[in-house]
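Following: one structure in structure tokens, then a few remarks.
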Amino acid sequence: MATFKEIYKVVKAIPKGKVASYGQVAVMVGSPRGAQMVGWALHDMDQSSGQTSKKSRGLTWEAVPWHRVINARGEISTTCREHSAALQAGLLQEEGVEVKLTPENIYKVDLEKYRW
DNA sequence: AAGGTGACTAACA
DNA sequence: ATGTTAGCCACCT
């Protein structure tokens with residue numbers, strides 16, 4: 001069953017230097033159709049550095065590498081776009097992941113190379 | 001308890 | 001080929 005906890009667990013399992021799509025994570029947690037929920041789970045902790053900050057959904061947000069999770073096209077699709085997206089891209093690059101910036105200001109990752 | 005929501009995806013027009 | 005619509009499923013109010 002795909003719960004936040006399970007999702008975090010899977011996300012934390014993503015190796016450094018690799019990325020996974022929401023759908024991919026969803027499948028791993030056992031809910032192939034729960035992609036949206038995955039992104040949602042991550043969004044709950046968007047604080048960037050990783051602080052529980054607001055008690056939010058009451059889940060413990062230990063260092064979950066949420067930046068390694070992107071959409072099916074390898075793009076960073078945050079609702080807060082530029083804000084969180086830039087941070088995410090930066091973190092990925094630090095891990096050795098090549099992140100491109102499209103003309104539309106959308107960060108993209110080469111899934112062919114970095115997909116988990 | 002029921003309804004609404006969302007960092008998605010895939011299929012259809 | 002792009003743009004829209006529908007399905008999804010746990011979590012919040």
Side-chain angles (χ1 to χ4, degrees):
Chain A
M1 175 183 285
T3 63
F4 274 31
K5 218 170 173 181
E6 295 295 320
I7 293 171
Y8 295 146
K9 189 174 169 185
V10 173
V11 175
K12 281 193 278 189
I14 301 175
K16 174 186 170 190
K18 294 287 183 178
V19 298
S21 70
Y22 293 92
Q24 170 108 41
V25 175
V27 172
M28 294 184 115
V29 300
S31 293
R33 313 300 171 213
Q36 192 151 41
M37 213 181 41
V38 175
W40 188 20
L42 297 180
H43 187 226
D44 184 46
M45 58 169 74
D46 59 19
Q47 303 312 315
S48 71
S49 295
Q51 321 172 49
T52 326
S53 197
K54 52 185 175 184
K55 50 190 172 184
S56 58
R57 277 80 216 211
L59 291 168
T60 311
W61 141 238
E62 314 167 16
V64 178
W66 59 273
H67 50 271
R68 293 182 191 148
V69 184
I70 52 188
N71 69 13
R73 292 182 187 168
E75 305 172 348
I76 299 175
S77 304
T78 59
T79 46
C80 322
R81 300 225 173 192
E82 308 196 23
H83 185 63
S84 303
L87 173 67
Q88 185 168 3
L91 291 170
L92 287 173
Q93 289 180 56
E94 278 190 42
E95 296 185 349
V97 178
E98 202 175 334
V99 181
K100 296 180 181 180
L101 183 58
T102 69
E104 299 113 24
N105 287 339
I106 297 176
Y107 292 95
K108 275 207 294 195
V109 175
D110 192 338
L111 284 178
E112 295 299 310
K113 296 180 181 176
Y114 303 103
R115 185 159 81 185
W116 187 17

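Each chain gets a letter, A, B and so on, in the order the sequences are listed, and its residues count up from 1.
Among the nucleotides C:dG7, C:dA10, B:dA7, the one closest to the side chain of A:Gln36 is C:dG7. Set against B:dA7, B:dT5, C:dC9, the side chain of A:Leu42 has B:dA7 as its closest nucleotide.
Atoms CD1 (A:Ile7) and P (B:dG6) sit 16 Å apart, rounded to a whole Å. When the C1' atom of B:dA7 is taken as reference, atom CE of A:Met37 falls 13 Å away, rounded to whole Å. Distance, A:Asn105 CG to B:dA7 P: 19 Å, rounded to whole Å. Between the CH2 atom of A:Trp40 and the C1' atom of B:dA7 there is a distance of 12 Å, given to the nearest Å. Protein atom NE2 of A:His43 is 14 Å distant from nucleotide atom P of C:dC12, rounded to whole Å. What separates OH of A:Tyr8 from C1' of B:dA7 is a distance of 12 Å, to the nearest Å.
Ion pairing of A:Glu95 with A:Lys18 is absent here, as no side-chain N (NZ or NE/NH1/NH2) approaches a carboxylate O to less than 4.0 Å.
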Set out, line by line, the N/O atom pairs under 3.5 Å between protein and nucleotides 9-13 of chain B.
| from | atom 1 | to | atom 2 | distance (Å) |
| --- | --- | --- | --- | --- |
| B:dT9 | OP1 | A:Ala72 | N | 2.5 |
| B:dT9 | OP2 | A:Ala72 | N | 3.0 |

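A:Tyr8 places no side-chain N or O within donor-acceptor distance of the main-chain N or O of A:Trp66, the cut-off being under 3.5 Å. For A:Gln88 (side chain) and A:His67 (main-chain N/O), a donor-acceptor pair under 3.5 Å exists by modelled atom type.
Taking the side chain to side chain contact (heavy atoms under 4.5 Å, CB included) definition, one finds that A:Glu94 meets it with nothing, sequence neighbours left out.
Here A:Leu111 sits in one hydrophobic cluster together with A:Val19, A:Ile70, A:Ile76, A:Leu92, A:Val97, A:Val99, A:Leu101, A:Tyr107, A:Val109, A:Tyr114; the rule is ILVMFWY side chains under 4.5 Å apart, joined directly or through other members.
An OP1 or OP2 oxygen of C:dA10 is reached within less than 4.0 angstrom by no side-chain nitrogen or oxygen of A:Thr3.
A:Met37 and A:Val27 are not part of a single hydrophobic cluster, where members link through side-chain heavy atoms under 4.5 Å apart.
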